[in-house]
Structure formats: structure tokens, C-alpha cells
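Comments concern the structure below.
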Number of protein chains: 2
Amino acid sequence: MDLTTPATNPKAPASETPAASEGGAATTPAFSPLYQQIKSLILRGLQAGEWKPGDLIPSELELAARFKVSQGTVRKAIDELSAENLLVRRQGKGTFVATHSEQQVQYRFLRLEPDAGSRATQVPADRRILDCRRLRAPSEIARMLGLRAGEPVFEVRRVLAFHGVPTILEDLWLPGTPFKGLSLEMLASHPGAMYALFESQFGVRMVRADEKLKAVSADGESAQIMKLTPGFPLLSVERIAYTYNDTPMEFRRGLYRTDHHHYHNELS
Amino acid sequence: MDLTTPATNPKAPASETPAASEGGAATTPAFSPLYQQIKSLILRGLQAGEWKPGDLIPSELELAARFKVSQGTVRKAIDELSAENLLVRRQGKGTFVATHSEQQVQYRFLRLEPDAGSRATQVPADRRILDCRRLRAPSEIARMLGLRAGEPVFEVRRVLAFHGVPTILEDLWLPGTPFKGLSLEMLASHPGAMYALFESQFGVRMVRADEKLKAVSADGESAQIMKLTPGFPLLSVERIAYTYNDTPMEFRRGLYRTDHHHYHNELS
DNA sequence: CAGTGGTCTAGACCACACT
DNA sequence: GTGTGGTCTAGACCACTGC
């Protein structure tokens, strides 16, 4: 592939890309390197479901041939995608689409850990779904999910217990359209982590998330559900989870009991 | 540099490395790629203070010549180091040692943000040092810092206020030896972030940190200092900060008021 | 202009997994 | 052995910075 065209983007790098977007007007010329374009193309394949979570994607040489670039360029694109946890490389085997299921990393977004003792094998939580209903999005929820107020959403409430102690009370909201058909039975019957179900049943893969933490006091209702006295300090965790393209697909509000657990975070 | 030697590590890659460690006995052969060895060598230079925070390090070609490897290999080593925030690349200028000062990122490890309004320009906190004393490490502190109980440590207490509202009460402990000479006056007179002072005055650069968060209720003492009623829910943040080589250099326990701020975390 | 990091290529060889 | 990702090289050219 030649890069003779100077400042602005050279011609589209792939043969199979009708260059869907790129409205028309001259915005920022914004030179973008070839490997970034390759990255976008792979990303498009992931979004389009060409390769599903857990799938093996084509080898680097194959992709290089398809996109008419060198293996090194494909490699750099895949490097970044795997650094972002979208792909997983396995030497000798190939490159796979990351998934929330199967891996030993069951709860990839749950940062709660038992204090001290820290049995590396965190006891599998005891999950209980309290509620699952379809309703029109209140404005706050709509805003978080990038919807218009009144659009349908699912609301789920559940409790997680460790060693019989209710530790997490969560309410979560999902956009109605992509999750059409969700039901309490489906959630209750599914054994694994919730995000694994989202992948297998709805083809929705959560890629990253933003969390906002606060310390709060248990109100009457949550205290009752978690068998605590009102006023008990709880960690409030609000999460927006995004799928490909930074599209919000879940808003979650959790209350964590932290007298025997803590929220672990690594800074760098 | 030739890589003819097969499985085990090839001969040391640099000319100026007396191969200090590598005890003797055959542990794990553990093949390590060239770029990892280069990375270690650069890291050693950083630890040894050959280049200090903010300094320009030699160019890729210079390092390649010095270590007798190709530019690409040095590049990959630097890529990783800059991904770990130890180095910062600036196109056209060179590669610099990362620092907590100068950058616009004043509080690199502080995850507390104002709610909603979120003036991107977070008001510079009003810092007040309450105490700074030298004492013998209690066993818990010693354990956190990798010291023996009774070894000297500094204990500092300070309050951060935003818009006049006391929001963070922190106690922190530093090992006595590396921080010899620390005083309340020094802390109080220094304008910028604390980690910047550690770099400039003690040559200690914090590289990464581990935090454990819990929700707690304000006790009498902290309530009084923060002008709250006892029982007010506070976010407890325990941090161990590490310098190069995963050596712990600070233990910090903070209480955050979170009624108008939140702790922000990005998951991926 | 020269010097730096950033991108891209082409080719060689190594380490690992499967058959 | 074949095919995969992983490492390493050498050289070309581009983009940015500052003299």
C-alpha cells in the first residue's frame, strides 16, 4: 500500500470498505496512520459481529493480505486492540475476540475483594434476582444511557451474597431495544456472570466502564434488604458500561457493604 | 547484537553492565527478549538517578548504539516504559523522564472529582499541614512499608479543602531513611503537590500505587477536624505508593467527604 | 536546516501449539 | 512439520520541534 498522498488521509486502505462515514465537509484533515485505519477496520468487524466473543480472528498474515498492508502494520493495530482488552493473543494459536465468559476472570469489572484473608479463589457469589421489569426511562436513566426520556428500558434489581452475607445490592438499567426479550427467568437461570449472558443472548459485549464512588448511609429500604441497620455506611458505586464505539449500554447503581470487603484499585 | 545463543538468556546485551544480580544457581532459564533486557537497563538508569524526573534521556539512536541493538528494539522498550508512565515521549523533542511536577496533571493519583459541574479546572486545593513528626513505626505501618517495627518513620497529617470546605483528611507515613530531613516547614512552604516535593527534595519518585476503599462513618476526631457530625459517611482510601522496583515508599490513609465529590475510576 | 520520535516495509528467525 | 504469534533487524520516509 502506498502512502504517497501527503498530509490528508490517503485512500482507504481496504478493498472491502465502502467508506461509510466521513460526512463530506472538510473538518480537520487529521492525518491518521495506517495502523489506526486497520484498527478501525478490525473494530468495525467486531461491532458488526463478523467475529463473536471467543472467536478466532484471521491470522496477521491473512489480515495483512486482505488489507494490503504489511504484517507489521496489522500487528501494531492488534497490539493496541489487545492492550484495550478487545482482543487476546495466544502464541501458537492465534488471536481471539475477548469475552467475559469462560476466562478465569469471572467478574472483570467487579473490584470488590475480601479483606486480608483474600482467598485468591473468591467464593462464587450467591446471586439472587429480586426484580426485572420493563418500563419507560426516567429522564436521569435516559440521560445516562444516551436515550430519550420515555424510551423503554429494563430495570433489574439483584443481591449478591458472600458466605451467606448480603454484600451487594444493585439496580441496573438496560436499553430496551438491544435487550428485547430479557426476563427474570433468563437472568435467574443463567449461572455465570451477567455480562457473559449479555454476550451470549444479546450479542452485547461490554468493553469498558466508568465508575463514580461515594460513601453513603443505608436508607430504610436498602438496609432492610441487606439486613443492616439504617445509617450503616455503604459504598455507592455508579457505573456506566460501554460497548464498542463508546455506546453506553448499561447504567448500574450498586451499594457495597465494605466491613469485610474493600474496593481495590491500582493507580499508575 | 547476535541472538544465536538458544534457549537461555544470551549474553548480557550492554557493554556497561557488570551483570550485578543473577545469583548463580540455575533457577528458571526464563528466556527474556532483548527489548525486556534493554527496558531493565533503562530502568536501572532511572533508579540510579542517571536521569532525573523531567530530564531528557538519550535519543533512541543513541541508546541503540550504546546497547548495540537496533533502534526498533530500543523503541519497543521505551514504548513499554512510556505505557507505564515512567517515560514521556514528545515527537520532535525527545523522550523525558516522567514527573509529578510541572505537567498540568497536578494530582496524578488523586481520583476525587467534583460532582456534575466538574469545572475541568479543578480549583487548586487549599492545603493545610496539621502535623509532621518522626516516630518509631508501629507494626501495622512497618508492615505496609516493608520495614521492621520500630524503625523510624515520618507521620504527616493534613487537610485539603475545596472552596473552603474541608474535604480530605489524610494521615501518611514515610520511611525515615529516604526522607531524612522532612519537616512541617518544608511541607507547608512547598506550593505544589506533595509528590513533586518528594521528587525534588528527596529524589523519590512514586511510580504506581494500590488503593483500598471502604465506606466508613466519621469518628469523633475526624468529624471535629472536618467540621462534620460524627457518623457522617466518609470514603476511606488506603494507599500504598511504590517507587521503582515495587518498593513501597508511602502508606497513606485518607478520609474523603463525598457529598459534593466522587471518586472516579475507569475500568477496562 | 538537522535532530527527534512516528510510521511502514520486508525479511529472517524464534517460541509455541497442534497434528 | 505447519502455522501461529513474538522478536529483531535495517532502511526508508513522514511529522514535529527548534535553530
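Residue numbers start from 1 in every chain, and the chains themselves are labelled A, B, ... in the order their sequence lines are given, proteins ahead of strands.
- Not one side-chain nitrogen or oxygen of Thr73(B) sits closer than 4.0 Å to the OP1 or OP2 atom of dT7(D).
- Phosphate proximity of dT4(C) to Thr95(B): absent, as no side-chain N or O sits under 4.0 Å from OP1 or OP2.
- Listed by chain and number, the residues in a salt bridge (charged side-chain N to carboxylate O under 4.0 Å, His left out) with Arg127(B) amount to none (sequence neighbours excluded).
- Under the rule for a side chain to side chain contact (heavy atoms under 4.5 Å, CB included), the partners of Gln36(B) that lie at least two apart in sequence or sit in another chain are Ser32(B), Pro33(B), Lys39(B), Glu80(B).
- Residues from residues 76-86 of chain A lying near DNA chain C, meaning a heavy-atom separation below 4.0 Å, are Lys76(A) in numerical order.
- Listed candidates were dC8(D), dG5(C), dT4(D). Nearest to the side chain of Ser59(A) is dT4(D).
- Two residues, Pro58(B) and Ser70(A), neighbour DNA chain C, and the one matched to the more 5' nucleotide by heavy-atom proximity is Pro58(B).
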Q. Which string of ( ) [ ] | and . matches DNA chain C, if you list each base 5' to 3' and count Watson-Crick or G-U pairs only when both distances are under 3.5 Å?
A. ||||||||||||||||||.

Distances under 3.5 Å between protein N/O atoms and the N/O atoms of nucleotides 16-18 of chain C, please, pair by pair.
residue : atom : partner  : partner atom : Å
dC16(C) : O4'  : Gln91(A) : OE1          : 3.2

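- Going from atom CD of Gln71(B) over to atom P of dT4(C) covers 10 Å, rounded to whole Å.
- Scanning for salt bridge (charged side-chain N to carboxylate O under 4.0 Å, His left out) contacts around Glu62(A) gives an empty result, with sequence neighbours left out.
- Going from atom CZ of Phe96(B) over to atom P of dG3(C) covers 17 Å, rounded to whole Å.
- Ranking dC8(C), dT9(D), dG6(D) by closeness to the Glu60(A) side chain, first place goes to dG6(D).
- Judged purely by atom type and a 3.5 angstrom limit, Thr99(A) has no side-chain atom pairing as donor or acceptor with the backbone of Gly54(A).
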Q.
Please determine whether salt bridge (Lys or Arg N to Asp or Glu O under 4.0 Å) holds for the pair Asp115(A) and Lys212(B), giving the CA-CA distance in whole Å, both sets of side-chain angles, and the decisive distance to 0.1 Å.
A. CA-CA 9 Å; Asp115(A) 283 345; Lys212(B) 293 183 178 181; over 6 Å; no

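- Side-chain nitrogen and oxygen atoms of Arg89(A) include none within less than 4.0 Å of the OP1 or OP2 phosphate oxygen of dT4(D).
- Whole-Å rounding puts the Gln36(A) CD to dT7(C) C1' distance at 11 Å.
- In this entry the distance linking CG of Leu61(B) with C1' of dG6(C) reads 13 Å, nearest Å.
- Leu56(A) pairs by the side chain to side chain contact (heavy atoms under 4.5 Å, CB included) definition with Phe96(A), not counting sequence neighbours.
- One atom, CG of Leu56(B), and another, C1' of dG5(C), lie 11 Å apart when rounded to the nearest Å.
- Asp126(B) meets the side chain to side chain contact (heavy atoms under 4.5 Å, CB included) test with Ala161(B); sequence neighbours excluded.
- With salt bridges taken as basic N to acidic carboxylate O contacts below 4.0 Å, none links Glu60(A) and Arg66(A).
- Atom pair Arg75(B):CZ and dG6(D):C1' shows a separation of 18 Å (rounding to whole Å applied).
- Spacing between atom NZ of Lys39(A) and atom P of dT7(C) amounts to 11 Å, rounded to whole angstrom units.
- Phe109(B) pairs by the ring-ring contact (aromatic ring centres under 6.0 Å, His included) definition with His100(B), Tyr195(B), not counting sequence neighbours.
- In this structure Ala64(A) satisfies the side chain to side chain contact (heavy atoms under 4.5 Å, CB included) test together with Val74(A), sequence neighbours excluded.
- Residues passing the salt bridge (charged side-chain N to carboxylate O under 4.0 Å, His left out) test with Arg111(A), sequence neighbours excluded: none.
- Taking 4.0 angstrom as the limit, Arg90(B) places none of its side-chain polar atoms (N or O) nearer than this to OP1 or OP2 of dC16(D).
- Under the rule for a ring-ring contact (aromatic ring centres under 6.0 Å, His included), the partners of Phe179(B) that lie at least two apart in sequence or sit in another chain are Phe198(B), Phe202(B).
- One interatomic measurement links the two molecules: OH of Tyr35(B) to C1' of dA15(C), which rounds to 13 Å at whole-angstrom precision.
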